[in-house]
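Before I ask anything, let me first share the structure, which is written out below as structure tokens.
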Amino acid sequence: MIFLIGFMGSGKSTIAKMVSEKTKYPYIEMDQAIEEAEGMKIRDMFASKGEQYFRDKETEFLRHLKDEVVLSTGGGVILREENRVLLQEGTVVYLKAEWETIVERLTGDTDRPLWKGEDSEKKKRFDERLSLYEQAADVVIDVDQKTPEEIAEEVMGRLK
Ligand SMILES: Nc1ncnc2c1ncn2[C@@H]1O[C@H](COP(=O)(O)OP(=O)(O)OP(=O)(O)O)[C@@H](O)[C@H]1O
Ligand SMILES: O=C(O)C1=C[C@@H](O)[C@@H](O)[C@H](O)C1
Ligand SMILES: [Mg+2]
């Protein structure tokens, strides 16, 4: 299993699709799988059931995963220690982006429930997570100033 981790906008979905094509492992979008299982958008889950309910669903999802897949994880999957342990079942690839890169990519985005509020609040969330991504990662890839193809190739090279 190949797990792509990183902050919102780091490129997990984009790169997971490309790595899936290269490896022939199926591509799974964790957020989408949870939305389908719950019959509800994550935004609505946060609003009606609370963030912890969603976090429980993330942990359950990881517990039941066993096939060879390329998984684009949710940006907050590394928050729980149990999840970080479960991720060790596969190769964890951290797509590491500078804050400026994230802002450039997500400015104007209204779809991500935790991409809202003051810039300082978002930056604080980003800073607080950096060490957790590093801790969970087997492979760290800097994604700034690279094309998706370059990044996907780099992932492939680091899997060997
Ligand atoms: N290497 C890249 N260069 C330029 N733009 C990119 C690159 N990778 C991704 N993008 C763009 O940045 C945006 C965010 O990418 P993507 O949706 O893949 O990130 P993500 O990590 O899956 O985000 P989320 O956690 O919110 O789902 C998209 O518009 C995507 O097209
Ligand atoms: O960074 C986060 O905590 C999140 C990222 C998204 O992928 C979703 O999993 C959800 O919106 C939470
Ligand atoms: Mg994504």
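When a ligand or atom number is given, it counts from 1 through the structure's own listing order.
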Checklist entry - Does the pair R125/E128 count as a salt bridge with the N-to-O cut at 4.0 Å? => result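 No.
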Checklist entry - Judging by distance only, is a nitrogen or oxygen of L79 under 3.5 angstrom from one on ligand 2? => result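 No, L79 has no N/O under 3.5 Å of an N/O on ligand 2.
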Checklist entry - Nearest to atom 5 (C) of ligand 2, what protein heavy atom do you find, and at what distance? => result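 The protein heavy atom lying closest is G75 N, 3.3 Å.
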Item to check | Chi angles and distances behind the salt bridge (Lys or Arg N to Asp or Glu O under 4.0 Å) call for D31, R112 | outcome: CA-CA 11 Å; D31 287 341; R112 292 160 167 91; over 6 Å; no
Item to check | Ligand-side contact atoms (ligand 2) for residue partner L114, heavy atom cut-off under 4.0 Å | outcome: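 Those atoms are 2 (C), 3 (O), 12 (C).
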Checklist entry - Contact between F7 and ligand 2, counting heavy atoms under 4.0 Å? => result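 Outside the 4.0 Å threshold, so no.
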Item to check | In one Ile/Leu/Val/Met/Phe/Trp/Tyr side-chain cluster, 4.5 Å: V19, Y25 | outcome: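 Shared cluster, yes.
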Item to check | Cation-aromatic face contact K57/F61, 6.0 Å, 45 degrees | outcome: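 K57 over F61 ring: no.
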Checklist entry - Near ligand 1, which protein residues have a heavy atom under 4.0 Å away? => result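 Correct list: F7, M8, G9, S10, G11, K12, S13, T14, R105, R112, K146, T147, P148, I151.
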Checklist entry - Do E154 and K146 meet the salt-bridge criterion of a basic N to acidic O distance under 4.0 Å? => result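 E154 and K146: salt-bridged.
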Checklist entry - Has K22 got more than 12 heavy atoms of other residues, nucleotides or ligands less than 6.0 Å from its NZ? => result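 Counting neighbours around NZ of K22, more than 12 heavy atoms of other residues, nucleotides or ligands fall under 6.0 Å, so yes.
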Item to check | Element-labelled atoms of ligand 2 that are located less than 4.0 Å from some non-hydrogen atom of P113 | outcome: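 That gives atoms 11 (O) of ligand 2.
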Item to check | Test: K122 and D119 ion pair at under 4.0 Å | outcome: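 Result for this pair is yes, salt bridge flagged.
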Checklist entry - Does R55 have a non-hydrogen atom less than 4.0 Å from ligand 2? => result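 Contact check R55 vs ligand 2: positive.
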Checklist entry - Can you find a side-chain donor-acceptor pair between T59 and E82 that sits under 3.5 Å? => result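 The answer is no; no qualifying pair exists.
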Item to check | Per-atom contacts, ligand 2 versus G74 - under 4.0 Å to a heavy atom | outcome: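 Listed by number with element, the hits are 7 (O), 9 (O).
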Checklist entry - Side-chain donor-acceptor pair under 3.5 Å between Y53 and E38, yes or no? => result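 Distance-only check passes for Y53 and E38.
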Next on the checklist: If the threshold is 4.0 Å, N to carboxylate O, is there a salt bridge linking K17 and E21?
Outcome noted: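 Looking at K17 and E21, the cut-off is not met.
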Checklist entry - Take atom CD in E68; do more than 12 heavy atoms of anything else shown fall under 6.0 Å from it? => result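 Check passes, neighbour count above 12.
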Next on the checklist: Tell me whether the rings of F7 and Y133 are parallel (<30°), tilted (30 to 60°) or perpendicular (>60°).
Outcome noted: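 Answer is perpendicular, since the angle exceeds 60°.
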Checklist entry - Counting heavy atoms only, which of S13, G76, G6 is nearest atom 4 (C) of ligand 2? => result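 When every heavy atom of S13, G76, G6 is considered, G76 comes closest to atom 4 (C) of ligand 2.
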Checklist entry - M8 near ligand 2, heavy-atom distance under 4.0 Å? => result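 A heavy atom of M8 does come that close to ligand 2.
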Checklist entry - Does R129 have a heavy atom less than 4.0 Å from any atom of ligand 2? => result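 True for this residue.
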Checklist entry - Hey, is K96 close enough to E134 for a salt bridge, meaning N to O under 4.0 Å? => result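 Answer for the salt bridge query: yes.
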Checklist entry - With a 4.5 Å heavy-atom cut-off, do M8 and R105 have their side chains touching? => result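 M8 does not reach R105 side chain to side chain.
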Item to check | Pair K124 + D127, salt bridge at N-O below 4.0 Å | outcome: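 No, K124 and D127 are not salt-bridged.
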Next on the checklist: If we only look closer than 2.8 Å, how many protein N, O or S atoms does the Mg ion (ligand 3) have near it?
Outcome noted: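 Protein heteroatoms (N, O, S) closer than 2.8 Å to the Mg ion (ligand 3) number 1.
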Checklist entry - What's the shortest distance from atom 6 (C) of ligand 2 to any protein heavy atom, and which residue and atom give it? => result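 Result for atom 6 (C) of ligand 2: D31 OD2, 3.4 Å.
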